[in-house]
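Comments concern the structure below.
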Amino acid sequence: MPFNVDVAVVGWAQTPMVRRTDLSETQLLVDAITDALTPLGLTRADVDFTCLGSCDYITGQAFSFVQNLDALGAWPPKQDSHVELDGAWALYEAWLRLQHGDIEIAVVTGSGRSSTGDPSLIYPMEMDPYYLAPLGADPLTFAALQARALIDAGITSERAMAEIAVRSRQNAIGNPHAQVQGKGNVDELLAGEYVREPLRRHDLPPITDGACAMVLASAERARQLVERPAFIAGIDHRSECHNPAFRDLTDSPSTRIAGQEAGVGRAPVEIAELQAAFTHEEVLLSRALGLGPDTKVNPSGGALASNPIMATGLVRIGHAAEHIFSGGNRALAHSTSGPCLQQNLVCILEGSPS
Amino acid sequence: MVGPASKEVLVDGRAKRGHNPHGYEERTDESVIGAQRRRSEHPMTRFVESTITFPYKRSLGPVIGPFMTALTDKRLLGIRNGDQVISPPMEWDPATGADLGTDLVEVGPTGTVESWTWVPKPSAQHPLDRPFAFAFIRLDGATNRFLHAVDAGSPDMLSVGARVAPRWRGTRRGAIDDIVCFVLGETPEVDGDDAGPKESVELMDYNASITYVNPVSPTLDRTVDASAAGRLLAQECPTCGRVYAGGRGLCPVDATIFTEANDVDLPQTGTITNFVVVTPVQYPGQTETEPFARVFVLIDGYDVVLGYQPTIEVPVDDVRVGMRVSAVWASPGEDVSNASVGGNYGRLVGWIPTGEPDIDDPDLVNRIF
């Protein structure tokens with residue numbers, strides 16, 4: 001994909017990922033932004049553009065993101081934007097903004113306090129208001145229906161899903177931000193009760209409060225700031241119909257197209273951080289992206305280890321960038337939004353510019 | 001948005017910790033890493049619970065309207081899309097966005113279960129208060145799936161391919177929950193006496209309501225506590241020197257987090273810089289009935305404006321820019337929990353004229369922040 005400006009991730013930080021925090025979303029962001037900028041020798045005054053990803057429904061306040069601006073240090077005035085999406089889409093907007101070539105540094109964030117409300121009562125309100133919201137159609141229900149569709153089609157099985165959970169928990173042992181680590185083998189997990197048949201507890205993500213901040217820079221500035229920037233080699237996002245009842249739940253065409261446009265198949269992918277909040281989603285996403293056995297999936301433990309809504313996707317990009325910072329050549333990060341993987345974003349990070 | 005409809009202060013938010021109404025499971029038995037104490041964290045954070053209600057009225061349009069109207073007549077409609085029949089009907093092709101017109105045809109009311117999941121612990125929003133299935137149902141004559149509840153009693157009773165029929169509400173209003181749920185078998189049911197169809201349904205009500213629990217910043221807590229003693233507390237930023245009232249936890253200019261060391265007491269007199277007279281529109285939750293003023297007060301000697309403040313004992317027509325005012329505090333024991341303003345200033349109930357001559361400064365009007 002020809003870019004006007006090569007853009008790189010140069011730093012990122014996340015708050016502790018916990019079931020409930022005493023801190024407001026704004027305070028979480030103060031810490032994440034400070035921790036992302038400080039190691040780079042940057043201050044808030046050096047930032048040219050900011051974009052925040054958060055959700056008013058989760059906060060319970062209209063325009064709640066305006067308060068979050070306090071965490072950016074809004075004076076002197078900055079160019080700012082907001083997406084009612086995961087911070088991964090905030091990164092997409094900042095990447096677009098940097099393509100103009102007139103600015104050098106952007107900060108993007110994703111933040112959410114799921115403990116503020118009850119996820120099973122909040123998310124149905126975001127669904128189709130005529131046919132789905134009045135039924136209290138919740139994300140767990142849709143995830144279960146999609147999992148059954150995949151199992152019935154022979155694409156996965158309850159055992160294969162438990163194996164994904166076990167591997168994620170093992171991977172998460174090295175991740176200090178993981179809420180769920182280690183415990184359980186496949187047989188132990190399969191002995192558990194269904195939460196929503198065919199989903200058991202290990203197929204579900206934990207509920208997480210947390211925030212993530214990331215610093216992007218144009219190529220030249222990026223090389224001044226860090227030894228090995230993580231260059232964005234490809235990025236794309238696509239969406240499907242809002243109502244899962246009208247989609248083929250055994251496929252994710254939006255992921256496939258976004259992956260093709262981002263250039264997934266151009267070279268081997270060493271690691272892939274996928275926002276698979278449910279075990280079966282990892283199977284579907286890996287297929288749609290054409291990932292082979294040589295790609296290590298979710299070495300951080302993924303969204304099954306901690307799932308800070310509105311930041312989970314940006315955290316995936318952070319872990320992928322970390323892979324490049326530490327010498328890796330090519331990493332994939334994925335983020336999703338909406339029921340049953342409705343909208344999908346794919347970002348390819350590489351050690352050298354495109 | 002209306003709200004907060006109720007506001008309950010929990011002395012210690014940890015009282016909420018045993019509460020788990022959501023479908024996601026608590027992970028307390030896992031290797032959960034505890035909250036690390038951070039520089040901005042307070043040891044005994046207070047939480048506030050509030051319930052927000054969103055009373056929506058939705059227009060149904062030329063396709064969903066007839067579908068909802070047919071529900072009141074215990075009939076289900078789909079819309080033709082080439083060889084397909086989509087139910088519930090959409091105005092546009094879900095894949096291409098093409099306009100589907102209004103070619104509605106009757107489908108169902110019986111159908112076949114294509115996929116299902118069991119809900120062992122229903123939420124307050126779910127159609128049934130006992131364990132049930134959510135299922136994708138292919139209504140007879142339709143080519144896509146229809147999501148609804150199935151009252152099957154036990155997951156053992158359900159399977160892909162099971163035949164189901166609707167259980168209708170006796171009194172139907174033209175909404176998707178006019179179908180209480182589906183039941184196993186070929187025979188539709190009616191719950192209670194059948195009140196019959198409606199003429200034409202063009203609108204639907206949807207009253208969303210959610211309860212939130214939020215932490216209160218320690219700065220706001222100190223501000224509210226000080227108000228009980230008739231003090232107007234503010235914070236002076238140690239980085240830039242600006243002063244903020246209203247319990248803001250950090251400086252919006254440089255993101256410095258405030259501590260108790262930054263507290264300052266403000267004078268309780270000031271000048272009205274600007275005002276608005278609000279003629280109340282009656283919406284759910286509105287308690288005002290007569291026009292009322294909200295004023296912006298510039299505090300004497302400080303670069304601080306308190307926004308959108310009530311006035312005390314001033315006829316609306318007398319409120320003016322330049323008027324000198326002083327703070328009025330609730331008397332001991334007075335309940336201010338339902339005060340229209342004041343949450344951020346605790347027991348500050350409004351501003352009363354001091355009787356001093358007005359300040360004549362045309363620039364005052366620009367100060368609303």
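Quick caveat: nothing in here was measured; it's all calculated off a predicted structure. Each chain gets a letter, A, B and so on, in the order the sequences are listed, and its residues count up from 1. Reckoned from all heavy atoms, side chains included, excluding hydrogens, waters and symmetry mates.
Inter-residue side-chain proximity for B:W116 and A:R148 is flagged as met; some heavy-atom pair is nearer than 4.5 Å. Inter-residue side-chain proximity for B:T117 and A:F142 is flagged as unmet; no heavy-atom pair is nearer than 4.5 Å. Using a 4.5 Å heavy-atom threshold, the side chains of B:R145 and A:N243 count as separate. Taking 4.5 Å as the limit, some side-chain heavy atom of A:L135 sits within range of a side-chain heavy atom of B:H148. Looking at B:P94 and A:H242, their side chains never come closer than 4.5 Å, going by heavy atoms from C-beta outward. Residues A:D138 and B:H126 form a side-chain contact, since some pair of their non-hydrogen atoms from C-beta on lies under 4.5 Å apart. Looking only at side-chain heavy atoms (C-beta outward), A:I122 and B:Y212 come within less than 4.5 Å of each other. With a 4.5 Å cut-off on side-chain heavy atoms, A:D152 and B:V160 count as touching.
Within residues 127-134 of chain A, the residues having any heavy atom closer than 4.5 Å to a heavy atom of chain B are A:P129, A:Y130, A:Y131, A:L132, A:A133, A:P134, listed by residue number.
When the candidates A:T26, A:L29, A:I33, A:I58 are compared by the number of heavy-atom contacts under 4.5 Å with chain B, A:I58 comes out ahead. Each of B:L60, B:T256, B:L250, B:D177 has some count of heavy-atom pairs under 4.5 Å with chain A, and the biggest count is that of B:L250. Contacts with chain B were tallied for A:E197, A:Q67, A:E25; A:E197 has the most, counting heavy-atom pairs under 4.5 Å.
Under the side-chain contact (heavy atoms from CB on, under 4.5 Å) rule, B:S115 has a single partner from A:I151, A:L145, A:L249, which is A:L145. The residue from A:L69, A:V66, A:D70, A:L72 that alone fulfils the side-chain contact (heavy atoms from CB on, under 4.5 Å) condition with B:P252 is A:D70.
For B:R138, no part lies under 4.5 angstrom from a heavy atom of chain A. Looking at B:L147, the atoms closer than 4.5 Å to chain A (heavy atoms on both sides) sit in the backbone and in the side chain alike. Neither the backbone nor the side chain of A:T43 comes within less than 4.5 Å of any heavy atom of chain B. With a 4.5 Å cut-off on non-hydrogen atoms, B:C251 touches chain A through its backbone but not through its side chain. At a 4.5 Å heavy-atom cutoff, B:V216 makes no contact with chain A through either its backbone or its side chain. Both the backbone and the side chain of B:P89 come within contact range of chain A, judged by heavy atoms closer than 4.5 Å. If you measure heavy-atom distances from B:F134 to chain A, the contacts under 4.5 Å come from both the backbone and the side chain.
Residue B:F47 comes nearest to A:R113 through the heavy atom pair CE2-NH2, 4.1 Å, listed as atom of the first residue, atom of the second, then distance. Shortest non-hydrogen contact noted between B:M90 and A:F246 is SD-CE1, 3.2 Å. Nearest approach of A:R44 to B:D254, heavy atoms of both residues: CD-O, 4.4 Å. A pairwise comparison of heavy atoms in B:A255 and A:A71 identifies CB-O, 3.7 Å as the closest pair.
Residue B:S123 holds its OG atom at 10.5 Å from CG of A:L140, rounded to the nearest 0.5 Å.
Side chain of B:Q125 to backbone of A:L121: a donor-acceptor contact under 3.5 angstrom is found.
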